[in-house]
Chemist: 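This structure is in structure tokens; I'll ask about it shortly.
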Amino acid sequence: MDRRAFLATGAAIAVAPGCSFLQPTARNLRTAQARQSLAGAGHPDTAVWAYNGVVPGTELRFRQGERVRIAVENALGVDTTVHWHGIRLPNAMDGVPHLTQPPIAANGGRFLYEFELPDAGTYWYHPHLGNPEQVSRGLYGALIVEEREPPAVDRDVVWVLSDWELDRHGRLDEEFTSPMAASHDGRIGNTVTVNGMVRDTFAVQPGERIRLRLINAASARICGLVFEGHAPTVVALDGHPVAPHAAPRVVLGPGMRADLMLDCTAKPGSQHRVIDSFYRQNAYELLKLQYRDDKPVRESFRPVQALRANPVARPDLAKAERHRIVFGGGAMGRVPDQARHKGMFWTVNGQPMADDHDHRHHPPLLALALRKSYVLELVNDTAWHHPIHLHGHAFRVLTHNGKPVEREQWSDTVLLDPKSRAEIAFVADNPGGWMLHCHVLEHQASGMMAVVHVA
Ligand code: C2O
Ligand code: CU
């Protein structure tokens, strides 16, 4: 190698922390039973399953471009895997049992995940086995990838939202796959926690700007958050930057995320409710923003800047190949009788797919050509909501019910309203077998999933 080439390589190392010459950043996750006070002081605690002893699990925070190595040890009595929701990583690291790896064995199995983080943003991790039980018992955590030059804020805060079905003694209802829930809305619980606890208030400083990262880790509950007296600015959806815009209500289906810039413009000492009004008949107060009685740290706020786009390939819409995918079934829908008897209530293009299936032997729903552009029309032919998630890629959401989305949006999960359709577009640039499924986990487990092959 001549000296000039050597210097060029040296420079590349200095600016690219994800370069494989550098040691990967190491973290450990251990799954085990734990107890946690979900409802707060004075209420009984709850037996949960947790990563590193807490729900949500340890917040993993990295820098864009970094290479990470995460050693998972499974101390539960059942097999598990870890899926890194939204991360565009090599197929073998995607955490789907049988499709991309063998399950991590019960009682001490281990698996080493190692991958680079091409995209900044708000992501999360959770098992992809024993859905919905493992997630409903508390197995999930935030995976935050900071920009190389993060925007200036006073605080960067994550709210992991989860939903629990608890009795008066704090015990978790252990019927995770009731046919009733599976064929309707999924299992909507009775207790919503923010970072593993029911909270009355969230303390803020007058005049501060908070980057608030919302993650909906519930198995089924969709949330629609309203910040009374405030006008938060959405800057990213599913981790990917979007033109900053005000959102009167932030709607997140299971699996979805939003990054907000929340300017604390109200009076010192004041209180403001954050309401979840997605199910309008059952709106409730999530918590109150409680302003400290201090002098504001600033009187005026600079306009919110757009975040830098992630390096996602742009699909060529003119040349894209189109496919139509129809989601069917559910209560009031049509499903083949034998499937219904096996607890399968949902179909993708007429076929239900079981969770206990060895995915390798299931014919793929689609076989996509590597690096080619695709437009998928996702049709919800049911009376229920479905957040549809594609692994291994970020897609552009083009339309809802034929209407173009207002601003360019990149996502990994798109929420389909009942009897609606959406078009998404992406470049199939990540080889392997990838899941396409509903993130209402009770729907996923009762048929609403498929495998897409990219080769
Ligand atoms: Cu968040 Cu297939 O998963
Ligand atoms: Cu669904």
Side-chain angles (χ1 to χ4, degrees), residues 56-57 80-89 91 93-101 122-132 134-136 139-143 160-162 177 181-188 215-222 238-239 252-257 325-333 335 344-348 352-353 355 357 359 365 378-395 411-420 422 432-452:
T80 194
T81 63
V82 185
H83 169 59
W84 315 94
H85 183 124
I87 304 290
R88 298 187 297 131
L89 40 59
N91 195 245
M93 297 291 117
D94 198 41
V96 179
H98 308 299
L99 183 67
T100 71
Q101 67 167 93
T122 301
Y123 304 93
W124 65 301
Y125 60 94
H126 63 79
H128 221 281
L129 200 157
N131 280 332
Q134 297 194 9
V135 169
S136 299
L139 287 172
Y140 41 78
L143 197 175
V160 178
L161 305 172
S162 25
T177 47
S183 61
H184 290 72
D185 260 339
R187 173 170 141 134
I188 311 259
I215 301 174
N216 185 350
S219 73
R221 181 186 285 277
I222 303 167
D238 283 359
L252 294 177
M256 299 168 77
R257 293 89 62 213
I325 299 172
V326 180
F327 298 92
M332 299 175 306
V335 172
M344 294 287 110
F345 299 108
W346 305 93
T347 59
V348 182
M353 179 171 161
D355 202 11
H357 217 281
H359 299 307
L365 177 75
L378 307 176
V379 180
N380 178 3
D381 190 23
T382 80
W384 310 94
H385 288 92
H386 304 290
I388 302 297
H389 172 46
L390 174 66
H391 287 208
H393 297 78
F395 51 75
S411 298
D412 54 60
T413 307
V414 59
L415 182 60
L416 301 180
D417 292 338
K419 296 286 179 190
S420 77
W434 303 103
M435 300 295 298
L436 173 75
H437 66 86
C438 179
H439 222 289
V440 170
L441 301 178
E442 298 81 6
H443 293 176
Q444 179 191 1
S446 57
M448 201 177 265
M449 58 175 164
V451 175
V452 170

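Below, each value reflects all heavy atoms present in this structure, side chains not excepted, and no hydrogens, waters or symmetry copies. Note that the structure is predicted; figures quoted are calculated from it, not measured. First listed ligand is number 1; within each ligand, the first listed atom is number 1.
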Chemist: Quick one: NE2 on His184 to CZ on Phe345, what's the gap to the nearest 0.5 Å?
Modeler: 9.5 Å
Chemist: So, do His439 and Trp124 have ring centers that fall under 6.0 Å from each other?
Modeler: yes
Chemist: Which residues pass the side-chain contact (heavy atoms from CB on, under 4.5 Å) test with Thr100, not counting sequence neighbours?
Modeler: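 Counting only residues at least two positions away or on another chain, Thr100 forms a side-chain contact (heavy atoms from CB on, under 4.5 Å) with Asn91, Asp94, Val96.
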Chemist: So, does Trp346 use its side chain to make a donor-acceptor pair with the main chain of Phe327 at under 3.5 Å?
Modeler: no
Chemist: Please tell me if the side chains of Ser162 and Tyr140 come closer than 4.5 Å, counting only heavy atoms from C-beta onward.
Modeler: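 Ser162 vs Tyr140: side chains touch.
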Chemist: Can you tell if the side chain of Met448 reaches within under 4.5 Å of the side chain of His437, non-hydrogen atoms only?
Modeler: no
Chemist: Please round to the nearest 0.5 Å and tell me the distance separating atom CG of Leu252 and atom OG1 of Thr413.
Modeler: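 Leu252 atom CG to Thr413 atom OG1 measures 10.0 Å (nearest 0.5 Å).
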Chemist: At a cut-off of 2.8 Å, what protein N/O/S atoms sit near the Cu ion (ligand 2)?
Modeler: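 Protein N/O/S atoms under 2.8 Å of the Cu ion (ligand 2): His386 ND1, Cys438 SG, His443 ND1.
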Chemist: By residue and atom, what protein N/O/S atoms are less than 2.8 Å from atom 2 (Cu) of ligand 1?
Modeler: His128 NE2, His391 NE2, His437 NE2
Chemist: List for me each residue that meets side-chain contact (heavy atoms from CB on, under 4.5 Å) alongside His385, sequence neighbours excluded, and say none if there are none.
Modeler: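 Expected list: Ile222, Phe278, Leu415, Asp417, Pro418.
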Chemist: Are Asn216 and Arg257 packed together at the side-chain level, in the sense that at least one heavy-atom pair is separated by less than 4.5 angstrom?
Modeler: no
